[in-house]
Amino acid sequence: MATTTSSPPSDTSAPARPAGRSARRRGDGRFVLACLLPALVLFVLFMVVPTVNVFRMSFYTWSGFSPDMRFVGFDNFTQLFEDAQFVRAFQNTVALLVVVTVVTMGMGLFLAAIMTRQRLRGRNFYRFVLYVPNVLSVVVIAAIFSAIYDQQNGLLNGTLRLLSLDGLQQVWLGDQGIVLWSVAIAMVWQSLGYYMVLYMSSMASIPEELYEASGLDGASPTRQFFSITLPLIWQNLRTTLTFFVMSAVNLSFVLVRAMTGGGPDGSSEVLLSYMYKQAYTNSSYGYGMAIGVVIFAFSFLVSLLVSRATRREPLQF
């Protein structure tokens, strides 16, 4: 007589999760939320709400002082593209962004490479001298360059007279053809040292063995820069480029406001300074907020284009 044996039933149910661990995770979540909540509240109050209010006010006509507000829809934006002064301010902003960004980034990389790769005597002193403008207030820098550009007693025209180059003297802040480039020089001088130091720190982390190996293969310093240095600091360059484009919009406003006031005859006007005049000087607050919306969209679009154009696979060493 055959007998069959049955195996004991297996327990396929998952082990119960300890109740203490779940409670601890919930407690950690509450703690993190409590830490983030003050920053989140401040962000909403001082960033989100004002930004939404700018968009809302751009659809109204309002002097900024009277209680009378009238909804006009997209009339403010339609008026923008018929405003020759706005178009000129937009062109000036784009010109400053392109010129100042190219010059600042290019010179910053060049000086950082020299300071890092070349054995210069007193390079720490040069680094300090180039970084000092970034420590100074932008208003102080505007005052310094206003004194340099002074037509009668300025350093620039005085130096030209000393060199018997009187024909090259200019009214640097009063000539419509050169005033914008005079402001651009001040912007470059203020920003150059900061980005040079950032690039120096990135270049200093590149292993020396890579340069030694390429040197044995006959690579020149220029070839080493474009084949080793630039690819390995590309992520840092990409980040600083986006950051600089955003900050240059604000920097141009402060320098233009302090040095020229947008003159002569609007030749140095930029978007932010024109927005300030319309909203707080001409009592056209709604129109000024429409300009603010354009600035917001322009800054976002430029940052997106820069991010897309500089995207590449990161290299590691």
| query | Side chain of T240, backbone of L237: donor and acceptor closer than 3.5 Å? | reply | yes
| Verify same cluster id: V100, M246 (apolar side-chain graph, 4.5 Å) | no
| query | Is D83 close to V87 at the side-chain level, that is, under 4.5 Å between some pair of heavy atoms? | reply | no
| query | So does Y194 have more than 12 non-hydrogen atoms from other groups sitting under 6.0 Å from OH? | reply | no
| query | Can you tell me if T61 and Y285 form a side-chain donor-acceptor pair at under 3.5 Å? | reply | no
| field | Within one Ile-Leu-Val-Met-Phe-Trp-Tyr cluster: V135 and W189, side-chain cutoff 4.5 Å | value | yes
| Checking S252 side chain against V249 main chain: does a donor-acceptor pair fall under 3.5 Å? | yes
| query | Taking all atoms of both residues into account, what is the closest heavy-atom pair of S205 and S202, and its distance? | reply | OG-O, 2.7 Å
| message | Rounded to the nearest 0.5 Å, what separates atom CG in L155 from atom CZ in F145? | response | 10.0 Å
| said: Using modelled atom types and a 3.5 Å cut-off, is there a donor and acceptor pairing between side-chain atoms of N282 and backbone atoms of S284? | reply: no
| request: Measure the CE-CG distance between M203 and L109 for me, rounded to the nearest 0.5 Å. | output: 5.0 Å
| field | Donor-acceptor under 3.5 Å (S247 side chain, F244 main chain) | value | yes
| S201 side chain to L198 backbone, donor-acceptor under 3.5 Å | yes
| message | Are R127 and M200 packed together at the side-chain level, in the sense that at least one heavy-atom pair is separated by less than 4.5 angstrom? | response | yes
| Do F71 and F55 share a hydrophobic cluster (ILVMFWY, side-chain heavy atoms under 4.5 Å, transitive)? | yes
| note | d(F253 CZ, M275 CE) to nearest 0.5 Å is 8.5 Å
| said: Is a donor from one side chain sitting under 3.5 angstrom from an acceptor on the other, for S268 and T260? | reply: yes
| said: Between N134 and S191 (side chain of the first, backbone of the second, donor and acceptor by atom type, cut-off under 3.5 Å), is there such a pair? | reply: no
| field | Closest approach of I206 to T229 (non-hydrogen atoms, all atoms of both residues) | value | CD1-CA, 3.9 Å
| field | L192 and L111: CA distance, side-chain angles, deciding distance, side chain to side chain contact (heavy atoms under 4.5 Å, CB included) verdict | value | CA-CA 9 Å; L192 179 60; L111 292 174; 3.9 Å; yes
| query | Counting N and O atoms only, with roles assigned by atom type, does the side chain of D175 sit under 3.5 Å from a partner on the main chain of G177, one being a donor and the other an acceptor? | reply | yes
| So, the side chain of T101 versus the backbone of L97: is there a donor-acceptor pair under 3.5 Å, distance only? | yes
| said: Ignoring hydrogens, what is the shortest heavy-atom contact between K277 and G262? Give both atom names and the distance. | reply: NZ-CA, 4.2 Å
| remark: Separation between CG (L271) and CZ (R88), nearest 0.5 Å, reads 13.5 Å
| If only atom types and distance count, is the side chain of D265 paired as donor or acceptor with the main-chain N or O of Q176 below 3.5 Å? | no
| task | Could you grab the distance from atom OH of Y276 to atom CZ of R257, nearest 0.5 Å is fine? | result | 4.5 Å
| said: How about CZ on F225, more than 12 heavy atoms from neighbouring residues, nucleotides or ligands closer than 6.0 Å, or not? | reply: yes
| said: If you apply the rule ring pair (Phe, Tyr, Trp, His ring centres under 6.0 Å), what do you find for F298 with F90, and how did you get there? | reply: CA-CA 10 Å; F298 172 74; F90 184 83; 5.2 Å; yes
| said: Side chains of N76 and Y60: any donor to acceptor distance under 3.5 Å? | reply: no
| query | What pair of heavy atoms forms the shortest contact from G174 to P264, and how long is it? | reply | O-CG, 3.4 Å
| message | Are M289 and F59 connected into the same hydrophobic cluster when the rule is that any two of I, L, V, M, F, W, Y join if their side-chain heavy atoms are below 4.5 Å apart? | response | yes
| note | V99 meets the side-chain contact (heavy atoms from CB on, under 4.5 Å) criterion, sequence neighbours left out, with V103, W181
| field | Q170 and its side chain to side chain contact (heavy atoms under 4.5 Å, CB included) partner, picked from L160, L156, I178 | value | I178
| What pairs meet the side chain to side chain donor-acceptor pair (under 3.5 Å) rule with one or both residues in residues 139-161, with sequence neighbours excluded? | N157-W172, R161-Q169
| Can you find a side-chain donor-acceptor pair between T116 and Y199 that sits under 3.5 Å? | no
| said: Per the side chain to side chain donor-acceptor pair (under 3.5 Å) rule, what does the pair list look like for residues 34-59, sequence neighbours excluded? | reply: N53-R56
| So do P38 and V41 actually touch side chain to side chain, heavy atoms under 4.5 Å? | no
| message | Is a donor from one side chain sitting under 3.5 angstrom from an acceptor on the other, for S307 and R238? | response | yes
| message | One pair to check against side chain to side chain contact (heavy atoms under 4.5 Å, CB included): W62 and R70. What are the steps and the verdict? | response | CA-CA 7 Å; W62 182 42; R70 183 166 58 89; over 6 Å; no
| Residue F86 excluded, over 12 heavy atoms near CZ under 6.0 Å | yes
| field | Close side-chain approach of L210 and L232, heavy atoms under 4.5 Å | value | yes
| Nearest non-hydrogen partners of A89 and Y274, listed with the distance | CB-CB, 4.2 Å
| said: Can you classify the ring geometry of F300 versus F296 as parallel (below 30°), tilted (30 to 60°) or perpendicular (above 60°)? | reply: parallel
| query | Crowded around R308 CZ? As in, over 12 foreign heavy atoms under 6.0 Å? | reply | no
| note | Closest non-hydrogen contact found for S182 with L173 is CB-CD2, 4.0 Å
| request: State the OH-CE distance between Y195 and M105, to the nearest 0.5 angstrom. | output: 5.5 Å
| said: Do S214 and I228 have side chains that approach each other closer than 4.5 Å (heavy atoms only, starting at C-beta)? | reply: yes
| query | Is the closest basic N to carboxylate O distance between E208 and R117 below 4.0 Å? | reply | yes
| Joint cluster assignment, V171 & I185, ILVMFWY side-chain distance < 4.5 Å | no
